[in-house]
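Below: the structure, in structure tokens.
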Amino acid sequence: QVQLVESGGGLVQAGDSLRLSCAASGRTFLGYAMGWFRQAPGKSKEREFVASIAWGGRTNYADSVKDRFTVSRDNAQNTVYLQMNSLKPEDTAIYYCAAARVAALNYYNVDYWGKGTLVTVHS
């Protein structure tokens, strides 16, 4: 059974940093892109793409987080990370880990989702 388990969310002040982790298990993730989406509490629209990293290390970022967030992965540990710096109140959301056997993630090609971890940024 494939599982993606996020950790590291919490309550912080604007300007603070957080590091999210996602541990994947249940299969090999060779060739999989992994990354992060988010959804603000109470919002019904589709999850917003945040960042992704391909198996070979190529990264993509949403414009809203470029230069503040950094995605990385440890292929040996099947783990993907999201370092979030200079957090803003508008970054408040549930952050979901995702994986797909593609070069770059988008909402429609995700094979596996985690259950999410809540990040709350107070002004």
Side-chain angles (χ1 to χ4, degrees):
Q1 179 184 0
V2 174
Q3 281 192 307
L4 303 180
V5 180
E6 303 96 335
S7 60
L11 173 63
V12 296
Q13 298 295 316
D16 285 352
S17 298
L18 271 179
R19 188 192 197 208
L20 305 183
S21 300
C22 170
S25 62
R27 64 159 300 138
T28 177
F29 286 88
L30 176 66
Y32 275 68
M34 298 185 73
W36 299 89
F37 292 73
R38 67 186 181 185
Q39 188 167 29
K43 301 289 186 179
S44 60
K45 65 178 181 179
E46 69 184 42
R47 295 171 185 176
E48 174 192 17
F49 171 78
V50 175
S52 69
I53 182 166
W55 175 260
R58 183 171 183 171
T59 56
N60 279 326
Y61 295 94
D63 287 344
S64 59
V65 306
K66 260 178 199 173
D67 300 325
R68 298 189 299 124
F69 291 10
T70 302
V71 62
S72 60
R73 65 189 292 169
D74 181 337
N75 289 336
Q77 299 293 325
N78 277 345
T79 301
V80 63
Y81 304 97
L82 186 67
Q83 177 66 42
M84 305 185 293
N85 298 330
S86 302
L87 282 161
K88 304 176 181 179
E90 51 263 44
D91 294 318
T92 294
I94 300 170
Y95 283 72
Y96 295 91
C97 180
R101 204 173 191 287
V102 294
L105 286 175
N106 64 58
Y107 178 77
Y108 300 100
N109 67 15
V110 171
D111 293 323
Y112 304 108
W113 290 101
K115 293 186 177 180
T117 185
L118 178 62
V119 173
T120 304
V121 185
H122 280 181
S123 57

Same cluster or not: [X] versus [Y], using hydrophobic residues (I, L, V, M, F, W, Y) connected whenever any side-chain heavy atoms lie under 4.5 Å apart?
X	Y	result
V5	Y95	no
Y96	L118	yes
V102	Y107	yes

[X]: side-chain contact (heavy atoms from CB on, under 4.5 Å) partners, not counting sequence neighbours:
X	answer
A104	N60
N106	Y108, N109
A98	F37, L105, V110, W113

>> Measuring from atom CG of D74 to atom OH of Y81, what distance do you get when rounded to the nearest 0.5 angstrom?
In response: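 Answer rounded to 0.5 Å: 5.0 Å.
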>> Nearest 0.5 Å, please: how far is CD in Q83 from CG in L18?
In response: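 So the gap between those two atoms works out to 8.5 Å.
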>> Show every side-chain hydrogen bond (donor to acceptor under 3.5 Å, both in side chains) that has at least one partner inside residues 2-21, sequence neighbours left out.
In response: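 side-chain hydrogen bond (donor to acceptor under 3.5 Å, both in side chains) check on residues 2-21 returns S17-N85.
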How close do [X] and [Y] get, heavy atom to heavy atom, and via which atoms?
X	Y	result
A93	P41	CA-CD, 3.9 Å
A14	S123	CB-CA, 4.2 Å
V50	V65	O-CG2, 3.6 Å
W36	V80	CZ2-O, 3.7 Å

Whether the side chain of [X] engages the backbone of [Y] through a donor-acceptor N/O pair (distance < 3.5 Å, no angle test) should be reported.
X	Y	value
T79	A23	no
T117	G9	yes
Y61	V71	yes
R73	I53	yes

>> With disulfide (SG to SG under 2.5 Å) as the rule and sequence neighbours excluded, what pairs involving residues 51-86 come up?
In response: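 Pairs touching residues 51-86 that pass the test: none.
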> How would you list all residue pairs meeting disulfide (SG to SG under 2.5 Å) that involve residues 80-123, not counting sequence neighbours?
Replying inline: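 The answer is C22-C97.
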>> Run the ring-ring contact (aromatic ring centres under 6.0 Å, His included) test against Y112 and tell me which residues pass, sequence neighbours left out.
In response: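 Y112: no ring-ring contact (aromatic ring centres under 6.0 Å, His included) contacts found.
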> With sequence neighbours excluded, what pairs up with Y32 under the ring-ring contact (aromatic ring centres under 6.0 Å, His included) test?
Replying inline: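 With neighbours one apart ignored, the set is F29.
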> Does any pair with a residue in residues 4-26 pass ring-ring contact (aromatic ring centres under 6.0 Å, His included), and if so which ones, sequence neighbours excluded?
Replying inline: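 Every pair satisfying ring-ring contact (aromatic ring centres under 6.0 Å, His included) with a residue in residues 4-26: there are none.
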>> Taking salt bridge (charged side-chain N to carboxylate O under 4.0 Å, His left out) as the cut-off, I'd like each qualifying pair that reaches into residues 84-96, sequence neighbours left out, listed once.
In response: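 Those involving residues 84-96 are R38-D91, R68-D91.
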> Which residue pairs satisfy the salt bridge (charged side-chain N to carboxylate O under 4.0 Å, His left out) criterion with at least one member in residues 96-116, sequence neighbours excluded?
Replying inline: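 For residues 96-116: none.
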> Taking atom CZ of R58 as the centre, does the number of heavy atoms from other residues, nucleotides or ligands within less than 6.0 Å exceed 12?
Replying inline: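 Atom CZ in R58 is not crowded, with 12 or fewer foreign heavy atoms closer than 6.0 Å.
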> Who passes side-chain hydrogen bond (donor to acceptor under 3.5 Å, both in side chains) against D63, sequence neighbours left out?
Replying inline: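 Applying side-chain hydrogen bond (donor to acceptor under 3.5 Å, both in side chains) to D63 gives K66.
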> When V119 is tested against each of L82, L11, L20 for side-chain contact (heavy atoms from CB on, under 4.5 Å), which residue passes?
Replying inline: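 Option passing the side-chain contact (heavy atoms from CB on, under 4.5 Å) with V119: L20.
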